[in-house]
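Structure first, then comments.
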There are 2 protein chains.
Amino acid sequence: MTSARSTRNGTPGEGVSRSASARAPERGIPEATIARLPVYLRALITLSERGIATCSSEELATAAGVNSAKLRKDLSYLGSYGTRGVGYDVEYLRYQIAREIGVTQDWPVVIVGIGNLGHALANYSGFSSRGFRIVALLDSDPARLGEKLGDMRIRGFDEIETLVEELDIAIGVIATPAVSAQDVCDRLVAAGVTSILNFAPTVLNVPAGVDVRKVDLSIELQILAYHEQRKALAFDGAVDIVEPPVDPRVVESA
Amino acid sequence: MTSARSTRNGTPGEGVSRSASARAPERGIPEATIARLPVYLRALITLSERGIATCSSEELATAAGVNSAKLRKDLSYLGSYGTRGVGYDVEYLRYQIAREIGVTQDWPVVIVGIGNLGHALANYSGFSSRGFRIVALLDSDPARLGEKLGDMRIRGFDEIETLVEELDIAIGVIATPAVSAQDVCDRLVAAGVTSILNFAPTVLNVPAGVDVRKVDLSIELQILAYHEQRKALAFDGAVDIVEPPVDPRVVESA
DNA sequence: AGCTGTGAACCCATTCACAGCA
DNA sequence: TGCTGTGAATGGGTTCACAGCT
């Protein structure tokens with residue numbers, strides 16, 4: 001039953017194999033929970049820096065911006081790391097979550113496409129302070145080759161296979177224009193990258209076993225615009241013009 | 001009952017008021033659908049640019065990276081814009097979705113925090129090409145004041161109230177460090193901004209009626225890392241080394 | 001014949017409410 | 001007594017499968 005797979009995109013069939021020696025508890029953690037673990041982790045780090053040693057689910061939930069029932073349910077998928085009647089030990093829980101996510105080890109990351117956004121990402125301190133180390137910056141524009149960025153040089157995209165192999169890179173960030181994103185993605189995957197964070201505004205096709213997450217800046221704004229529009233309409237409605245042409249449905253043919 | 005609110009964060013109670021003259025059809029479109037509309041819109045624009053006049057739900061779904069049942073269900077919330085036996089008229093559907101989202105009008109946007117990321121956002125062409133126009137860049141660092149960026153000057157954060165008022169800004173983007181984000185947010189809200197896109201890695205508290213969306217770069221990577229770790233574990237299991245210390249579980253006390 | 005639009009079934013996620021433990 | 005951990009209830013979202021229209 002349920003079988004704990006889930007996996008997002010692509011062929012429904014399988015996922016990663018996992019085969020053999022399946023002796024681990026195999027606690028299938030829901031995807032929605034996984035997406036919140038980093039938020040809890042950050043909240044715990046904040047509490048920790050403030051010198052707080054213990055917290056209740058209520059306090060942690062507030063710090064993370066969720067409600068406490070959800071927090072407790074989420075944590076229950078990881079194990080029983082709290083103490084009834086008392087709460088959670090901040091350091092201990094922090095370590096457990098970090099381990100579960102996989103950020104106790106550190107992950108070499110390649111960024112492809114060093115335009116404005118790529119620059120910003122390369123300099124973003126939030127990566128290195130978690131377990132992510134930017135180990136390579138690639139760009140196909142010859143004009144940018146060799147440019148220094150912090151302590152790193154921008155290299156040609158052709159070096160990708162070598163670099164992925166030598167530096168054991170599993171995670172790639174795509175910050176190229178949309179038109180080149182699929183090609184870059186294919187090259188990354190062929191070279192052995194199995195997780196991709198895509199900033200290019202385009203849908204990427206990848207084989208099963210490769211994870212893609214997408215960050216689309218203009219989509220986020222569009223979602224806000226939708227709600228903003230509704231607020232404006234609601235307001236106009238309240239102010240009560242006879243019948244504001246909310247949606248005149250002036251449809252010209254079909 | 002249910003009352004079509006949903007609203008993400010904060011106080012469960014209400015949301016935006018919407019009050020009075022509630023006679024409009026009030027088609028409550030699910031939040032999940034709203035988040036996909038911009039994706040469909042982009043796919044339609046691509047088809048349109050390729051000169052394709054008509055498409056089936058199957059084709060559009062593929063272009064958008066979803067399955068066709070989901071696409072049809074989503075579109076059904078907007079109305080019946082297709083033709084049975086034929087498909088959808090690309091231009092027509094594009095217009096309908098754009099109108100529903102609210103990107104037929106254009107939205108003045110302020111960006112606060114012009115560091116690396118703020119620079120990148122200010123130059124990002126994806127905003128202006130949808131209905132978003134960056135009309136102000138603010139920073140509190142005096143060293144950056146007056147700096148030109150494209151055809152815009154960086155202004156002091158103090159001008160915020162005036163600018164929001166004069167330019168009728170409803171949407172703000174926060175790209176400051178985490179520590180200042182809540183203060184900036186409060187000032188934006190006080191000045192009249194009611195939608196915020198937050199790039200700072202921190203939870204923002206806002207009053208009801210204000211929408212916040214969060215883009216957190218390192219959280220995205222952490223989610224990938226989680227899956228990557230599982231892939232690695234599965235693989236090690238299959239290859240079957242005696243017991244690679246992937247995760248020694250060296251937990252010290254409780 | 002073909003494709004959309006949609007009720008119904010299913011599945012996942014959130015919330016409730018309380019049992020269980022310190 | 002107080003807080004965690006969790007079954008059970010609820011609600012939303014996705015998928016199925018087909019009725020309805022062109």
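Keep in mind that the numbers below use all heavy atoms, side chains included, and drop hydrogens, waters and symmetry copies.
Note on the helix from C/dA1-D/dT22 to C/dA22-D/dT1: angle between the axes of the first and last five pairs equals 0°, rounded to 10 degrees.
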Under-3.5 Å N/O pairs linking protein and nucleotides 1-3 of chain D:
from, atom 1, to, atom 2, distance (Å)
D/dG2, N2, A/G85, N, 3.4
D/dC3, O4', A/G85, N, 3.3
D/dC3, O2, A/G85, N, 3.1

Identify every side-chain donor-acceptor pair in residues 46-53 of chain A under 3.5 Å, counting partners at least two apart or on other chains, and give the distances.
from, atom 1, to, atom 2, distance (Å)
A/T46, OG1, A/R42, O, 3.0
A/S48, OG, A/E91, OE2, 2.5
A/S48, OG, A/R94, NH1, 3.4

Sequence neighbours left out, cut at 3.5 Å: what donor-acceptor pairs do the side chains of residues 197-204 of chain A make with other protein atoms?
from, atom 1, to, atom 2, distance (Å)
A/N198, OD1, A/A200, N, 2.9
A/N198, ND2, A/A200, O, 3.1
A/N198, ND2, A/T202, O, 3.2

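Annotation: of the two residues near DNA chain C, B/G82 and A/A32, the 5′-most nearest-nucleotide partner is B/G82.
For B/R72 and D/dC21, the CZ to C1' distance is 14 Å, given to the nearest whole Å. The distance from atom CG of B/L71 to atom P of C/dG5 is 10 Å, rounded to the nearest whole Å. To the nearest angstrom, P of D/dG12 lies 16 Å from CD1 of B/I29. Regarding B/L93, its CG atom lies at a distance of 14 Å from the C1' atom of C/dG5, rounded to whole Å. As a whole-Å value, the separation of B/L78 CG from C/dT4 P is 15 Å. The nearest whole Å value for the distance from the CZ atom in A/R36 to the C1' atom in C/dA13 is 8 Å. Between A/E31 atom CD and D/dT14 atom P there is a gap of 14 Å when expressed in whole angstrom units. Following rounding to the nearest Å, B/L75 (CG) and C/dT4 (C1') show an atom-to-atom distance of 10 Å.
For the pair A/I196 and A/V189, the tightest heavy-atom approach, listed with the atom from each and the gap, is CD1-CG2, 4.0 Å. Contact detail for B/Y40 and B/A64: the closest heavy-atom pair is CD2-CB, 3.7 Å. Between A/Y81 and A/Y92, the closest heavy-atom pair is CD2-OH, 3.7 Å.
Of the candidate nucleotides C/dT14, D/dT14, D/dG5, C/dT14 has the atom nearest to the side chain of A/K73.
Within residues 59-70 of chain B, no residue has any heavy atom closer than 4.0 Å to DNA chain C.
For B/R130 and B/D106, the salt-bridge test fails: no basic side-chain N is under 4.0 Å from an acidic carboxylate O.
Residues that satisfy the side chain to side chain donor-acceptor pair (under 3.5 Å) test with B/Q182, not counting sequence neighbours, are B/D186.
For A/R72 and A/S57, the side-chain atoms include at least one donor-acceptor pair closer than 3.5 Å.
Considering only heavy atoms from C-beta on, B/L217 comes within 4.5 Å of A/F127 through its side chain. Side-chain contact between A/I174 and A/L188: present, with at least one pair of heavy atoms (C-beta onward) separated by less than 4.5 Å.
Here the CD1-CG distance, from B/I29 to B/L78, works out to 5.0 Å after rounding to the nearest 0.5 Å.
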